[in-house]
Engineer: 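Dropping a structure here in structure tokens format, bear with me for questions.
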Amino acid sequence: MQTQQKKLKFDQPLAKETAVEKEMLNASSVVAPDLFSLEDALRELEDVREDAEKAYASDDHIDPVPDSAYDDAHALLELLHRNVPMPDMMWSEDGGLGLEWRPGSGIATISLYGDNLAIYGAFFCDKREFDGICSLSDTVLLKGFRCNIEKPLSIEGICEP
């Protein structure tokens with residue numbers, strides 16, 4: 001079993017994007033304190049990778065999370081990180097990654113298995129719920145998912161449909 005870590009592909013543009021992001025945040029007068037930076041999220045994703053590798057190195061009943069799932073998570077975090085809180089990130093025994101938010105009195109989740117698909121669901125106390133599967137290239141649907149996380153938290157931002 002290989003335990004060699006693969007670094008995420010997108011290291012080069014990260015420094016430039018982080019600098020631009022910080023400049024934009026400094027220009028804004030109101031920034032919600034629980035919003036995350038892409039850099040923080042990627043660091044958390046690497047911690048999840050380390051935990052998952054330790055677990056499946058010691059237990060052959062756990063499926064390894066493929067590198068492509070981490071790449072998918074990175075792409076999704078790039079799309080979602082503006083205007084949403086930091087998700088809880090975890091690995092699953094069936095070889096997937098999970099991102100979870102608890103906006104207000106609800107829960108929103110996205111699962112990734114490295115096949116360029118996002119399995120999503122959200123359930124709120126006002127009985128509003130939705131779930132489904134979409135391609136990571138379906139940015140309209142994923143931005144709509146982002147808006148459903150934003151609204152219960154009263155985070156200001158522009159939400160596309």
Side-chain angles (χ1 to χ4, degrees), residues 1-15 17-18 21 34-125 127-153 155 159-160:
M1 179 180 300
Q2 277 188 306
T3 58
Q4 183 181 15
Q5 265 189 358
K6 177 183 172 192
K7 293 295 180 192
L8 296 172
K9 295 181 199 175
F10 308 96
D11 290 340
Q12 297 297 342
L14 181 60
E17 181 178 9
T18 302
E21 185 176 73
D34 56 352
L35 296 183
F36 70 96
S37 72
L38 185 56
E39 184 177 69
D40 291 341
L42 295 179
R43 210 174 359 260
E44 177 69 20
L45 190 58
E46 284 300 321
D47 290 345
V48 168
R49 179 193 295 264
E50 288 176 20
D51 291 345
E53 286 180 351
K54 287 177 189 173
Y56 60 75
S58 64
D59 186 343
D60 59 356
H61 290 78
I62 297 174
D63 292 334
V65 178
D67 289 333
S68 57
Y70 293 101
D71 293 339
D72 287 354
H74 184 135
L76 183 64
L77 289 167
E78 281 187 336
L79 177 68
L80 296 179
H81 83 276
R82 296 165 187 90
N83 300 329
V84 297
M86 178 75 154
D88 290 326
M89 292 185 235
M90 71 246 14
W91 58 273
S92 62
E93 291 185 6
D94 65 352
L97 290 175
L99 284 73
E100 180 178 289
W101 296 264
R102 294 191 178 266
S105 297
I107 183 170
T109 63
I110 294 181
S111 299
L112 304 165
Y113 291 89
D115 53 3
N116 199 33
L117 295 174
I119 302 167
Y120 60 88
F123 307 91
F124 301 98
C125 67
K127 306 296 185 230
R128 182 172 40 110
E129 59 183 69
F130 60 93
D131 59 15
I133 300 173
C134 72
S135 168
L136 288 174
S137 62
D138 189 345
T139 57
V140 171
L141 192 137
L142 291 171
K143 285 180 181 179
F145 181 87
R146 180 184 78 195
C147 291
N148 277 288
I149 297 169
E150 286 176 26
K151 288 176 184 175
L153 294 169
I155 295 174
C159 292
E160 295 88 10

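Position 1 is the first residue of the sequence; numbering continues from there. Since the structure is predicted, the reported quantities are computational estimates derived from the model, not experimental observations. No hydrogens, no waters, no symmetry mates; every other heavy atom, side chains included, goes into these values.
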Engineer: Measure across Ser92 and Tyr113 and return the closest heavy-atom pair with its distance rounded to 0.1 Å.
Structural biologist: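 Reported closest heavy-atom pair: OG-OH, 4.3 Å.
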Engineer: Heavy atoms, side chains only, cut-off 4.5 Å: are His61 and Glu93 in contact?
Structural biologist: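 Side chain of His61 against side chain of Glu93, heavy atoms only: no contact under 4.5 Å found.
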Engineer: Among Leu117, Ile110, Leu142, exactly one meets side chain to side chain contact (heavy atoms under 4.5 Å, CB included) together with Leu136. Which residue is that?
Structural biologist: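 With Leu136 as partner, side chain to side chain contact (heavy atoms under 4.5 Å, CB included) holds for just one option, Leu142.
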Engineer: Side chains of Met89 and Leu77: closer than 4.5 Å at any heavy-atom pair?
Structural biologist: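 Yes, side chains in contact.
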Engineer: Please give me the minimum heavy-atom distance between Leu45 and His74, naming the atom from each residue.
Structural biologist: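 Looking at all heavy atoms of both residues, the shortest contact is CD2-N, 4.1 Å.
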Engineer: What distance separates Asp71 CG from Asn116 CG, expressed to the nearest 0.5 Å?
Structural biologist: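 Atom-to-atom, Asp71:CG and Asn116:CG are 10.5 Å apart.
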Engineer: What's the separation between atom OG1 in Thr109 and atom CZ in Arg102, rounded to the nearest 0.5 Å?
Structural biologist: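 One gets 9.5 Å once the value is rounded to the nearest 0.5 Å.
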Engineer: Between Ser68 and Gly114, which heavy-atom pair has the shortest distance, and what is it?
Structural biologist: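 Nearest pair, atom of Ser68 first, then Gly114: OG-O, 3.0 Å.
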Engineer: Closest approach of Phe123 and Glu129, non-hydrogen atoms and distance?
Structural biologist: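 Taking Phe123 first and Glu129 second, the nearest heavy atoms are CD2-CB, 3.5 Å.
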Engineer: So which atom in Arg49 and which in Asp67 form the shortest heavy-atom distance, rounded to 0.1 Å?
Structural biologist: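 Minimum heavy-atom contact is NH1-OD1, 3.0 Å.
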Engineer: Judged by atom type as modelled, is there a donor-acceptor pair below 3.5 Å linking the side chain of Asp72 to the main-chain atoms of Leu112?
Structural biologist: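 Checking the backbone N and O of Leu112 against the side chain of Asp72, no donor-acceptor pair under 3.5 Å is found.
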Engineer: Could you walk me through whether Met90 and Val48 pass the side chain to side chain contact (heavy atoms under 4.5 Å, CB included) test, one step at a time?
Structural biologist: CA-CA 6 Å; Met90 71 246 14; Val48 168; 5.7 Å; no
Engineer: Measuring from Tyr56:OH to Asp63:CG, what's the distance to the nearest 0.5 Å?
Structural biologist: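 So the OH of Tyr56 and the CG of Asp63 are separated by 10.5 Å.
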Engineer: What I'd like to find out is whether the side chain of Glu100 reaches to under 4.5 Å of the side chain of Ile107, using heavy atoms alone.
Structural biologist: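 When only atoms from C-beta onward are counted, Ile107 and Glu100 do touch, with a gap below 4.5 Å.
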Engineer: Indicate yes or no for a side-chain donor-acceptor contact from Trp91 to the backbone of Val65 under 3.5 Å, with no hydrogens or angles considered.
Structural biologist: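 Flag not set: sc Trp91 to bb Val65 has no pair under 3.5 Å.
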Engineer: Between Tyr70 and Leu97, does the side chain to side chain contact (heavy atoms under 4.5 Å, CB included) criterion hold? Intermediate values first, please.
Structural biologist: CA-CA 8 Å; Tyr70 293 101; Leu97 290 175; 3.7 Å; yes
Engineer: Do you know which two heavy atoms are closest between Ile62 and Ala55, and how far apart they sit?
Structural biologist: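 Closest pair (atom of Ile62, atom of Ala55, distance): CD1-O, 3.9 Å.
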